[in-house]
Amino acid sequence: MIEAVGLTKRYGDKTAVYNLSFQVRPGAVTGFLGPNGSGKSTTMRMILGLDNPTAGSVTIGGYPYRKLPNAPRQVGALLDAKAVHGGRHARNHLLSLAQLSGIPGRRVDEVLGVVGLQDVAKKRSKGFSLGMGQRLGIAAALLGDPQVLLFDEPVNGLDPEGILWVRNLMKSLAAEGRTVFVSSHLMSEMAVTADHLIVIGRGQLLADMSVTDFISANSADFARVRTPHTEPQLREKLAGALTEAGGHVMSEQDGCLRVTGLPLPRISDIAHEADVRLWELSPHQASLEEAYMRMTQGAVDYRSTTDQKAGLQQPLPPGAQPPMPVAGQGQPGWYAPPPPQQGYAPPQPVPGAAPGPYGAAPNPYAQPGVPAAPAAPAQPPAAPAAAPQASERPAGAPQASAPTTTEDAR
Ligand SMILES: Nc1ncnc2c1ncn2[C@@H]1O[C@H](COP(=O)(O)OP(=O)(O)OP(=O)(O)O)[C@@H](O)[C@H]1O
């Protein structure tokens with residue numbers, strides 16, 4: 001088990017990690033999540049004795065890493081796959097690590113096989129692709145057959161087959177009773193790999209809970225309601241009836257209604273009473289990505305000036321920092337998930353647009369003359385400058401548009 005108590009790290013004026021306390025237990029994959037610069041790598045370096053805490057402590061099996069008897073046999077880590085002598089053959093690189101730690105040479109060939117690099121074992125690692133380098137780093141972590149494993153972004157650069165392999169490897173290591181602590185920015189991958197999550201923002205603990213609990217604690221439930229696209233007046237009628245009944249109705253990009261504040265059976269009854277046929281009535285299942293975005297919005301340090309979400313926050317006084325999210329409550333005052341369209345308004349067909357994904361009705365978001373692409377709108381609408389929660393947004397509220405690039409500044 002890894003245990004951090006009051007772990008703090010300052011670099012000059014910069015507090016990279018502040019008062020972090022958590023446990024990483026054996027027998028489970030624990031995901032370590034946080035925005036860029038939130039302190040994940042710093043924390044991992046302190047766990048591995050590569051950085052000294054300014055305050056607090058972190059132990060593995062009760063010992064600080066540097067006092068751990070035979071540490072390379074107990075703890076394996078992939079921190080930076082590029083930290084390899086490029087002139088060495090992959091096998092020689094692993095062999096030198098093995099010799100330093102008293103690990104028999106035959107183990108090198110075993111781990112080369114495990115990571116699928118046996119055919120390039122005699123190739124210099126400077127010629128390796130990003131994914132091959134990651135595999136070599138994972139091989140080094142596995143070398144001592146350790147009970148505790150740390151992986152910093154292990155799927156970086158891996159192809160889909162490699163990502164699946166890492167996922168299965170992490171799970172099987174945990175199933176063998178090992179402690180597996182893995183950082184990643186790939187939420188879809190974490191959702192299917194991790195059992196437990198530790199989420200940090202600006203060096204502080206935001207969440208320490210199971211993936212399931214994290215998603216339910218940080219997501220907004222809503223119902224998707226679809227009426228026949230051939231009769232747009234039914235959609236209007238239903239939106240009015242739902243609003244009258246106390247629901248909050250918004251429009252999805254694909255023509256669905258997003259309804260909050262009313263349980264599904266009630267929505268069905270209201271539709272029946274209004275004589276509106278439904279083609280879909282489904283509960284929205286929030287993804288880990290949505291929950292994570294909701295939880296960490298206030299802890300993001302690096303954000304594009306053209307980020308759609310930049311406009312979803314209450315304006316702050318000059319120089320002020322956005323409030324930190326409250327552990328277990330997410331980020332107050334933020335959309336989750338960012339709705340595709342603000343407020344209910346019927347989508348306007350684009351002349352010459354190709355048919356939409358649900359039949360003959362034109363896709364209102366397609367560009368004229370461009371084939372329908374159901375996955376994403378050509379120009380996704382964005383949010384107004386200060387937007388309330390989706391559930392607080394009245395039907396018929398005005399739409400706004402803005403650039404929607406969501407690239408990170410780093
Ligand atoms: N050696 C160092 N000297 C000064 N500042 C540092 C040092 N190492 C990290 N930092 C700072 O500490 C903060 C946390 O960095 P860290 O690399 O731990 O974040 P991270 O969560 O791993 O980020 P990413 O997701 O981008 O890898 C950053 O602001 C970083 O600039």
Side-chain angles (χ1 to χ4, degrees), residues 2 4-22 24 29-58 60 65-66 77-84 130-131 133-134 137-138 141 149-158 163 166 170 180-191 193-194 196-208 214 288-289 291-304 307 309 319 321-322 324-325 327 331 406-410:
I2 302 170
V5 179
L7 198 60
T8 299
K9 180 69 189 177
R10 292 195 189 87
Y11 297 105
D13 289 349
K14 173 80 194 174
T15 301
V17 171
Y18 180 68
N19 200 23
L20 212 49
S21 297
F22 61 82
V24 185
V29 177
T30 301
F32 193 26
L33 310 183
N36 285 134
S38 55
K40 301 181 296 298
S41 301
T42 303
T43 302
M44 285 195 164
R45 283 201 306 274
M46 288 192 283
I47 294 171
L48 295 165
L50 299 169
D51 251 338
N52 288 320
T54 310
S57 64
V58 59
I60 300 173
Y65 181 89
R66 288 182 201 170
L78 164 69
L79 285 197
D80 178 5
K82 289 190 221 83
V84 179
L130 189 55
Q134 289 292 116
I138 292 171
L149 288 135
L150 286 84
F151 298 99
D152 199 0
E153 298 278 347
V155 293
N156 233 355
L158 290 179
I163 291 174
V166 169
M170 306 277 140
V180 182
F181 194 37
V182 51
S183 82
S184 181
H185 290 293
L186 278 187
M187 293 302 130
S188 54
E189 204 39 47
M190 276 289 110
T193 308
H196 196 88
L197 293 177
I198 290 172
V199 185
I200 61 172
R202 300 212 179 101
Q204 295 181 58
L205 190 70
L206 298 183
D208 180 352
F214 182 81
L288 175 60
E289 181 174 43
Y292 170 82
M293 297 294 267
R294 179 179 175 84
M295 163 56 86
T296 60
Q297 282 310 310
V300 172
D301 279 333
Y302 307 100
R303 190 191 296 285
S304 165
D307 188 337
K309 293 182 292 301
Q321 291 278 330
M324 282 287 284
Q331 176 67 43
T406 54
E407 70 187 35
D408 199 283
R410 276 178 66 171

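Note that the numbering runs from 1 along the sequence shown for the chain. Whatever order the structure lists them in is the order used to number ligands and atoms, beginning at 1. Only a predicted model underlies this, so the values are computations on that prediction, with no experimental measurement involved.
Between Ala16 and ligand 1, no N or O atom pair is found at a separation short of 3.5 Å. Residue Gly34 has no nitrogen or oxygen atom sitting less than 3.5 Å from a nitrogen or oxygen atom of ligand 1, judged on distance alone.
If you number the atoms of ligand 1 from 1 as listed, the ones under 4.0 Å from a heavy atom of Ser38 come out as 19 (O), 20 (P), 21 (O). Near Asn36, meaning under 4.0 Å from one of its heavy atoms, ligand 1 places the atoms 23 (O), 24 (P), 25 (O), 26 (O). Against a heavy-atom cut-off of under 4.0 Å, Thr42 is close to the following atoms of ligand 1: 9 (C), 14 (C), 15 (O), 16 (P), 18 (O).
When non-hydrogen atoms are compared, ligand 1 lies under 4.0 Å from neither the backbone nor the side chain of Glu153. With a heavy-atom cut-off of 4.0 Å, Pro35 touches ligand 1 through its backbone alone.
Under a 4.0 Å heavy-atom criterion, His185 is in contact with ligand 1. Ligand 1 lies less than 4.0 angstrom from a heavy atom belonging to Arg45.
A distance of 11.5 Å separates OG1 in Thr296 from CD1 in Ile200, rounded to the nearest 0.5 Å.
Between Asp208 and His196, the side chains place a donor N or O and an acceptor N or O closer than 3.5 Å (distance only, hydrogens not considered). Looking only at atom types and distance, the side chain of Asn19 has no donor-acceptor partner in the side chain of Thr8 under 3.5 Å away.
The number of heavy-atom neighbours closer than 6.0 Å to OH of Tyr65, taken from other residues, nucleotides and ligands shown, is above 12.
Side-chain atoms of Glu153 do not come within 3.5 Å of backbone N or O of Leu186 as any donor-acceptor pair.
Aromatic pair Phe181/Phe22: ring centres closer than 6.0 Å.
No side-chain heavy atom of Val5 sits less than 4.5 Å from a side-chain heavy atom of Val58.
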